[in-house]
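The block underneath contains the structure these notes are about, expressed in structure tokens.
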2 protein chains.
Amino acid sequence: MAKPSQTELAVLAALSVRPMTGYAAREAIVTELGMFWSESFGQIYPALARLREAGLVEAVQAQGSRSAVHRLTPAGRERLVELLREPVVASPPRNGMLLRLFFGDVLGPAACAELVLDARRRAEETLARLADARRGAEAENHPQQPYWLMTVSAGEHAARATLAWADETLDALSRLGGPAAG
Amino acid sequence: MAKPSQTELAVLAALSVRPMTGYAAREAIVTELGMFWSESFGQIYPALARLREAGLVEAVQAQGSRSAVHRLTPAGRERLVELLREPVVASPPRNGMLLRLFFGDVLGPAACAELVLDARRRAEETLARLADARRGAEAENHPQQPYWLMTVSAGEHAARATLAWADETLDALSRLGGPAAG
DNA sequence: GGGGTCATGTAAACAGTTACATGATTTT
DNA sequence: AAAATCATGTAACTGTTTACATGACCCC
């Protein structure tokens, strides 16, 4: 078999829930997996073409939609299982906020506090979006529902950790900058 | 000025602490920034060459080391400040573990528990390495020391959040898989 | 009919890793 | 003398984003 591709895994997984157009698959990835995954059109369409060629996906004319939707073939479902069993590919870390904070001495405490406040704000927004996602998932009755809630919970734990860290760090920064300014 | 580059920012920042060879810069990035940043040789050497050409870095023969080390020029330090002031570039999320868990129904609770246990193990390891880093940083007397501790704390909060989430999730998974197996 | 969204795709540019090649120095 | 580490670099490949081009369909 061809070597594992992250994008193909995500596309196969998205289509496993229900047949979709490429456009809708991207929508689903942005809205439902957006907290921990991302794909661009420039990735999705070539991936779909490859999957179609490999017989893992077929285009069918669905009753409801005007465009043809892409549906997993049995081989596609097998391939999905195979890809899900592959070891997780770790993406190299790249946290620009922490990089700036590490060298915080260069910009000073005030600029650092800005960075931390920004991170705090993003965590609040994340928490709000996750609350919506949780309500949505709890209303569902789907075999995947418990798993959806687990990923929501992962986001909530991470966001709350960011909030706690941000408060602690803003305090430390004010103690660094405050005495000099006061 | 040339458009901002993440790699050049990291290299300039690393060299701002002390002049280093490219090899040592990579070592420093892996060991000191490794929790939230990464660069490969294939990025660092071309970046150093560009920085040298732009007059932001100069190669000097240091007393201690056999090879020439790279040192920031005054223009290089200005450029570092400029790059640190640039807005943080968010890297698109790609969490293979959560992707698999989201579609956990396909592989089943036992395989999911493996994934979560793996994440838990990594968080424990991270916590141990951060404890070392904290001890090291606390022993230092450097203007950047408080900032180092803030980044260490960020890692600690995140790792502890992962532990708490993993325990909660393993519990939920056992309740999913347990009754079926028992 | 005009503007927005749905839908599919391609091309260019960019970012990044991996593997390879080379050689000096240090350690064993 | 051999092996490990330090040190620098290049080339090929892969992955990814962005911008562009195109057109159907839907609502106002």
Side-chain angles (χ1 to χ4, degrees), chain A residues 2-11 14-15 19-31 33-34 37-53 57-62 64-71 83 86 89-96 99, chain B residues 2-11 14-15 19-31 33-34 36-53 57-71 83 86 89-96 99:
Chain A
K3 73 173 175 325
S5 151
Q6 299 283 297
T7 297
E8 284 170 22
L9 167 56
V11 171
L15 296 182
M20 281 183 263
T21 65
Y23 189 89
R26 206 258 174 157
E27 280 290 297
I29 289 172
V30 167
T31 61
L33 314 182
W37 204 264
S38 75
E39 295 291 347
S40 61
F41 285 127
Q43 290 272 99
I44 286 179
Y45 284 115
L48 268 175
R50 282 194 301 274
L51 291 171
R52 230 182 297 133
E53 246 181 278
V57 151
E58 58 190 356
V60 293
Q61 192 55 52
S65 70
R66 51 197 172 290
S67 280
V69 295
H70 300 93
R71 183 172 60 187
L83 285 174
E86 287 287 318
V89 177
S91 55
R94 227 116 201 265
N95 186 325
L99 180 72
Chain B
K3 72 171 176 327
S5 152
Q6 299 282 298
T7 298
E8 285 170 22
L9 167 56
V11 172
L15 296 182
M20 282 184 262
T21 64
Y23 188 89
R26 207 259 172 154
E27 279 290 298
I29 289 172
V30 168
T31 60
L33 314 182
F36 52 85
W37 204 263
S38 76
E39 297 290 348
S40 62
F41 284 127
Q43 290 271 99
I44 286 178
Y45 284 114
L48 268 175
R50 282 194 301 274
L51 291 171
R52 230 181 298 132
E53 246 181 278
V57 151
E58 57 191 356
V60 293
Q61 191 55 50
Q63 58 282 33
S65 70
R66 53 202 168 288
S67 280
V69 295
H70 301 93
R71 182 172 60 187
L83 285 174
E86 287 289 317
V89 177
S91 54
R94 230 116 202 263
N95 187 324
L99 180 72

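Note on naming: letters A, B, ... go to the chains in the order of the sequence lines (proteins, then strands), and numbering restarts at 1 for each one. Fair warning: this is a prediction, and the values are worked out from it, not measured in the lab.
More than 12 heavy atoms of other residues, nucleotides or ligands lie within 6.0 Å of CD in Q61(A), so this atom counts as buried by the packing criterion.
Counting only residues at least two apart or on different chains, the salt bridge (charged side-chain N to carboxylate O under 4.0 Å, His left out) pairs with a member in residues 38-48 of chain B are R94(A)-E39(B).
Judged as a side-chain hydrogen bond (donor to acceptor under 3.5 Å, both in side chains), and not counting sequence neighbours, E86(B) has no contacts. When the side-chain contact (heavy atoms from CB on, under 4.5 Å) test is applied to F41(B), the partners found at least two apart in sequence or on another chain are Y23(B), R26(B), Y45(B). By the side-chain contact (heavy atoms from CB on, under 4.5 Å) test, S5(B) pairs with T7(B), E8(B), sequence neighbours left out. Considering only residues two or more places apart in sequence or on other chains, R71(B) meets the side-chain hydrogen bond (donor to acceptor under 3.5 Å, both in side chains) condition with E58(B).
The CG atom of L51(A) sits 9.5 Å away from atom NE2 of H70(A), with the distance rounded to the nearest 0.5 Å.
Rounded to 10 degrees, the angle separating the terminal helix axes of the helix from dG1(C)-dC28(D) to dT28(C)-dA1(D), each built from five base pairs, is 30°.
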Q: Using a 4.0 Å cut-off on protein heavy atoms (strictly under), produce a 5'-to-3' string for nucleotides 4-18 of chain C with B for base contact, S for backbone-only sugar-phosphate contact, and - for none.
A: --BBBBB-----BBB
